[in-house]
A.B. asks: 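The structure is given below, and queries will be raised subsequently.
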Amino acid sequence: MGTTLKLYNTLTRTKVDFTPIDPDNVRMYVCGPTVYDFAHIGNARPAIVFDVLFRLLRHVYGEAHVTYARNITDVDDKINARALRDHPGLPLNDAIRLVTEKTDRQYQSDTKALGCLEPTVQPRATENIAKMIAIIETLIAKGFAYEASGEVLFDTRAMPDYGQLSRRNLDEQQAGARIAVEAHKKNPGDFVLWKLSSESEPGWESPWGRGRPGWHIECSAMSERYLGKVFDIHGGGLDLIFPHHENEIAQSRCAHGTPVMANVWMHNGFLQIEGRKMSKSEGNFFTIHELLETDKFAGRKWPGEVLRLAMLMTHYREPIDFSAKRLEEAERLIAKWPVAEANGAAPDERVLEALSDDLNTVAAIQALHALAAEASSSPEAAARFAASADLLGIKPKKVEVSEDLSAAVEALVAMRLEMLKAKNFAEADKIRDDLSARGVQLKDGKDPATGERVTTWEVKR
RNA sequence: GGCCUCGUGGCGGAGUGGUGACGCAGAGGACUGCAAAUCCUUGCACCCGAGUUCGAUUCUCGGCGAGGCCUCCA
C-alpha cells in the first residue's frame, strides 16, 4: 500500500508521517476501562476513535499485521469500594469478582453495539501482577524507585527528562501544588508503584510484602508483555496525559533504558453534554448502556451506529458537544445512506486519504456523502460505499421485516393502487397514512417504460 | 499560579497566505392528484485589535471568550 499515514503526536505536538517499527506487526496500545462501573458515553470516544485507527491500520498493513491491545483494569481501589458497597455480605475477593466480571461483560457488549472490533488482546491487570513486580524490582535495582512507609515509589528526580509528554516542569509545578505533600515522598511528584494491603484489601505477595500495584504500572507491564519494550502507538483520553501516561513513560523507559516507550502518542478530546461538562452532580451523566437501552437521554433509545456516527462527525482531537440534535442529525444521515455489501470492493481513495490525514473522519464522512450519491446509479459505487463506510465501522442496514408484515403491506399497496386507478384519493391516502403511522413509508415512482405508477416501501429507519 | 487546546454561516464542521468545502436545517423549482423519496437552484460565517505582507480567516504578538490537566477521571 502506498498510503502514508499522518498522525498527530502529543509527544512532539506535531503531525508526523507514521512509520511502523515493524510493518509486519504494527503495535498499538490503548488505555481501556477500569471496571468498577458501567462505561459512560465519554468512555465510548476512545473506544470508537481507536477502533477506526485499528481498522485503518489493518487496511494499510494487512489484518494479520496489526496488534491492538486494550487493557482491562480490574485492580483498583474504586473497585474495592464498589465491591464493599454492592456486596457487603460476601468475602471481598468474591465481591470484587462479581463487580469486575459484570462491568467487563457490559463493556464488551457496549463496545460491540458501538460497532467496535474486538482488540487483538484485552489483558487484565490481575493476570499480570508478576510482570509488574518484575518491572518494579528493575526500577529499584536501577535506582529509579525507593521504599518508604510501606510503599514503593518512583523517584521522579532520578529521571532527568521526566515530564516530556505533558511538558511539565517539576519545579514550576511545585509552586502551585494544591495537594498536600505526603511526608514520606522524596519529591511531591513521586508516585506509587506498589502499596501494602491490609487484611481486608486485595493483595499479592511481593518482595515488599502483601500488597497491590499503583495506578500506572499495569500499563507498563501489559504493553511490554504484548507489544514489547518500544511500540508504535499509545492512545487514550486527553486527561490521561498527566499523570497516567507521563508516569507510564517514566516507568517503562527507566526500566528498559529506552529513549521512548511508544513512538506516537495520541489523545482524544473530551465530550460535553448539551454544552456542559458531564458529571454526576450536574445530573447529566449517561452510561453507554443508558443511551443504548433506556429513555434517559432525550426520552428515547439511540442505536449504536447513531452514537458512533455522532462521535465521528467531529475530529477526534476536538471537543464534542453531545446533544440530542446532533444524534438526530447522525440518525438522518445514516438513514439516507445506501444499504449495500462491500463484496470485496476496495474503499474509495477519498475516504482513505481523509482517514490517513490524522484520522480526519469528518472529511471521510463528507466523501461518503458523495459516494452515497453515486451509489444510487451503480452497484460498483454502492459496493465502494460499503467498503469505505466499513473503514469507519459504519454499516447502514435495513430494518428486518417479518414475512407477515411484508405480506400485509404488499396487500395494502396493491389495494391502494386499485383505489388510485379509480381516483379514490381519500381512501388511498388513508392507507398511506395508516401505514406511515405504523412506520412504513410508501414511495411512488413511475415505471419508465410504461409510465405506470410503481410503489415501493420501506420500514422507516 | 504553571502547562495545554480551541474560537469559521441557524446548527454540525473541514480547510486555505489570494474565487470561504461539505452535511443538516431554510428558501425556490422540477416531479406528484396530494405527500414521501429523488433531482436542480439558492441565501447566510472565518471573536477583537495591532503587526508582517502586494494581499490574512490562514503567520506573529496582545486582548477577550470557552475548555482540559496540575496526582479519581476518556
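Chain A is the first sequence line, chain B the second, and so forth, proteins listed ahead of strands; every chain is numbered from 1. Values in this document were obtained by computation on a predicted structure and should not be read as measured data.
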A.B. asks: Taking only the C1' atom of each, what is the distance from U16(B) to C59(B) in whole angstrom?
C.D. replies: 12 Å
A.B. asks: If you look at every strand shown and take non-hydrogen atoms under 4.0 Å, does G42(A) touch a base, only sugar-phosphate, or nothing?
C.D. replies: base
A.B. asks: Ignoring the backbone of P243(A), work out which of U71(B), G13(B), A74(B) is nearest its side chain.
C.D. replies: U71(B)
A.B. asks: Please state how far atom NE2 in H234(A) lies from atom C1' in A74(B), giving the value in whole angstrom units.
C.D. replies: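 Atom-to-atom, H234(A) to A74(B), this comes out as 12 Å.
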A.B. asks: In whole angstrom, give the distance that lies between atom NE2 of H369(A) and atom C1' of U38(B).
C.D. replies: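 For the pair H369(A) NE2 and U38(B) C1', the rounded distance is 17 Å.
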A.B. asks: So, are R384(A) and D348(A) salt-bridged, with charged N and O less than 4.0 Å apart?
C.D. replies: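 Result for this pair is yes, salt bridge flagged.
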A.B. asks: For the pair made of NE2 in H315(A) and P in U8(B), what is the distance, rounded to whole Å?
C.D. replies: 16 Å
A.B. asks: Of the nucleotides C11(B), A74(B), C4(B), which has the atom closest to the R13(A) side chain?
C.D. replies: C4(B)
A.B. asks: Between K430(A) (NZ) and G33(B) (C1'), how many Å, whole number?
C.D. replies: 19 Å
A.B. asks: Given the P atoms of G2(B) and C72(B), what is the spacing between them in whole Å?
C.D. replies: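 Result for the P pair: 23 Å, nearest Å.
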A.B. asks: With stacking defined as ring centroids separated by under 5.5 Å and planes differing by under 30°, is F270(A) stacked against G67(B)?
C.D. replies: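 Per 5.5 Å and 30° rule: no stacking.
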A.B. asks: Look at N360(A) and G15(B) and indicate whether a side-chain polar atom (N or O) is within less than 4.0 Å of OP1 or OP2.
C.D. replies: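 Yes.
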A.B. asks: Is NZ or CZ of K6(A) both nearer than 6.0 Å to the six-membered ring centre of F18(A) and within 45° of the ring axis?
C.D. replies: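 No.
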A.B. asks: Using atom P in both nucleotides, what's the gap between U42(B) and G23(B) to the nearest angstrom?
C.D. replies: 13 Å
A.B. asks: Using the side chain to side chain contact (heavy atoms under 4.5 Å, CB included) definition, which of the options F191(A), W194(A), Y146(A) pairs with L153(A)?
C.D. replies: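 That would be Y146(A).
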A.B. asks: Could E201(A) and R212(A) be called an ion pair, given the rule that one side-chain N must be under 4.0 Å from one carboxylate O?
C.D. replies: yes
A.B. asks: Taking R82(A) first and then D76(A), would you say they form a salt bridge - that is, a charged N and a carboxylate O separated by under 4.0 Å?
C.D. replies: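 Result for this pair is no, no salt bridge flagged.
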A.B. asks: Is K78(A) salt-bridged to D37(A), cutoff N-O under 4.0 Å?
C.D. replies: no
A.B. asks: Does a side chain donor of either T73(A) or R124(A) reach within less than 3.5 Å of an acceptor in the other side chain?
C.D. replies: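 There is no such pair (donor and acceptor under 3.5 Å, judged by atom type) between the side chains of T73(A) and R124(A).
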A.B. asks: Base of G67(B), side chain of Q272(A) - is there a donor-acceptor contact under 3.5 Å?
C.D. replies: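 For Q272(A), whose side chain was compared with the base of G67(B), there is no donor-acceptor pair (under 3.5 Å).
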A.B. asks: Can you find a donor-acceptor pair, distance only, under 3.5 Å between R326(A) side chain and C24(B) base?
C.D. replies: no
A.B. asks: Is the phosphate of C3(B), meaning OP1 or OP2, less than 4.0 Å from a side-chain N or O of S166(A)?
C.D. replies: no
A.B. asks: Could you please name the option among U71(B), G12(B), U38(B) that lies closest to any side-chain atom of F191(A)?
C.D. replies: U71(B)
A.B. asks: When you measure from the side chain of L271(A), which nucleotide among A35(B), A74(B), G33(B) comes out closest?
C.D. replies: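 Within the option list, the nearest is A74(B).
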A.B. asks: On RNA chain B, compare the nucleotides closest to R432(A) and G237(A); which residue's is nearer the 5' end?
C.D. replies: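 First, find each residue's nearest nucleotide; the 5'-ward one identifies R432(A).
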A.B. asks: Taking only side-chain nitrogens and oxygens of K443(A), does any of them come within less than 4.0 Å of OP1 or OP2 of U32(B)?
C.D. replies: no
A.B. asks: If we take the P atom in both G12(B) and C46(B), what is their distance in whole Å?
C.D. replies: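 Their P atoms lie roughly 16 Å apart.
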A.B. asks: Where each residue is assigned the nucleotide of RNA chain B containing its nearest heavy atom, which of P46(A) and A363(A) is assigned the position nearer the 5′ end?
C.D. replies: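 Going by which nucleotide is closer to the 5' end, it is A363(A).
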A.B. asks: On a whole-Å scale, what distance lies between the P atoms belonging to C39(B) and C4(B)?
C.D. replies: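 Nearest-Å result for C39(B) against C4(B) at atom P: 48 Å.
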A.B. asks: Work out how far the C1' atom of U57(B) is from that of A21(B), and round it to whole angstrom.
C.D. replies: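 Those two atoms are separated by 14 Å.
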A.B. asks: Could you give the OH-to-P distance, from Y107(A) to A74(B), as a whole number of Å?
C.D. replies: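 Going from OH in Y107(A) over to P in A74(B) covers 10 Å.
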A.B. asks: Please report, rounded to the nearest Å, how far the P atom of U5(B) is from the NE2 atom of H267(A).
C.D. replies: 13 Å
A.B. asks: Give E318(A) one of three labels, base, sugar-phosphate or nothing, depending on what nucleic acid heavy atoms sit under 4.0 Å from its own.
C.D. replies: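 Sugar-phosphate: the residue E318(A), judged by heavy atoms under 4.0 Å, touches backbone atoms but no base.
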A.B. asks: Looking at D433(A) and K430(A), is there a salt bridge between them, counting it only when a charged N and a carboxylate O are closer than 4.0 Å?
C.D. replies: no
A.B. asks: Roughly how many Å apart are G18(B) and U58(B), using the P atom of each and rounding to a whole number?
C.D. replies: 11 Å
A.B. asks: From C-beta outward on L333(A), which listed nucleotide comes closest to its side chain: C24(B), C72(B), G68(B)?
C.D. replies: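 For L333(A), the side-chain atoms sit closest to C24(B).
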A.B. asks: Checking all strands, does R350(A) fall into the base, sugar-phosphate, or nothing category for heavy-atom contacts under 4.0 angstrom?
C.D. replies: nothing
A.B. asks: Can we say R300(A) and E331(A) salt-bridge, meaning some charged N sits less than 4.0 Å from an Asp/Glu carboxylate O?
C.D. replies: yes
A.B. asks: What's the closest nucleotide to the T314(A) side chain, out of G13(B), C24(B), C34(B)?
C.D. replies: G13(B)
A.B. asks: Base, sugar-phosphate, or nothing for I41(A), non-hydrogen atoms under 4.0 angstrom?
C.D. replies: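 Nothing, no heavy atom under 4.0 Å.
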A.B. asks: Between G68(B), A25(B), U71(B), spot the one nearest the side chain of R332(A), thanks.
C.D. replies: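 The closest nucleotide is A25(B).
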A.B. asks: Mind checking the C1' distance from U60(B) to G67(B)? Whole angstroms is fine.
C.D. replies: 24 Å
A.B. asks: Hey, is F425(A) stacking on G33(B)? Ring centres under 5.5 Å, planes under 30°.
C.D. replies: yes
A.B. asks: Would you mind classifying the nucleic acid contact of I365(A) as base, sugar-phosphate or nothing, using non-hydrogen atoms under 4.0 angstrom?
C.D. replies: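 The residue I365(A) makes no contact with any strand.
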A.B. asks: Please evaluate the base of G33(B) for a donor-acceptor partner in the side chain of D429(A) within a cut-off of under 3.5 Å?
C.D. replies: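 Yes, the side chain and the base share a sub-3.5 Å donor-acceptor pair.
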A.B. asks: Just to be sure I understand the rule, does I241(A) reach a base, reach only the sugar-phosphate, or reach nothing, if contact means heavy atoms closer than 4.0 Å?
C.D. replies: nothing
A.B. asks: Nearest whole Å is fine: how far is C72(B) C1' from I79(A) CD1?
C.D. replies: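 Between C1' of C72(B) and CD1 of I79(A): 13 Å.
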A.B. asks: Does the distance from a Lys or Arg side-chain N to an Asp or Glu carboxylate O, for D51(A) and R308(A), drop under 4.0 Å?
C.D. replies: yes
A.B. asks: Do R317(A) and Y8(A) form a cation-pi contact, if we require the NZ or CZ to be under 6.0 Å from the six-membered ring centre and within 45 degrees of the ring's axis?
C.D. replies: yes
A.B. asks: R416(A) has a side chain; which of C34(B), C11(B), A74(B) sits nearest to it?
C.D. replies: C34(B)
A.B. asks: Starting at atom CD of Q366(A), determine the distance to atom P of C24(B), rounded to an integer number of angstrom.
C.D. replies: 12 Å
A.B. asks: Quick one: the dot-bracket string of RNA chain B, using Watson-Crick and G-U wobble pairs with both distances under 3.5 Å, [ ] for crossing pairs and | for bases paired to another strand.
C.D. replies: (((((((..(((.....[...))).(((((.......)))))....(((((..]....))))))))))))....
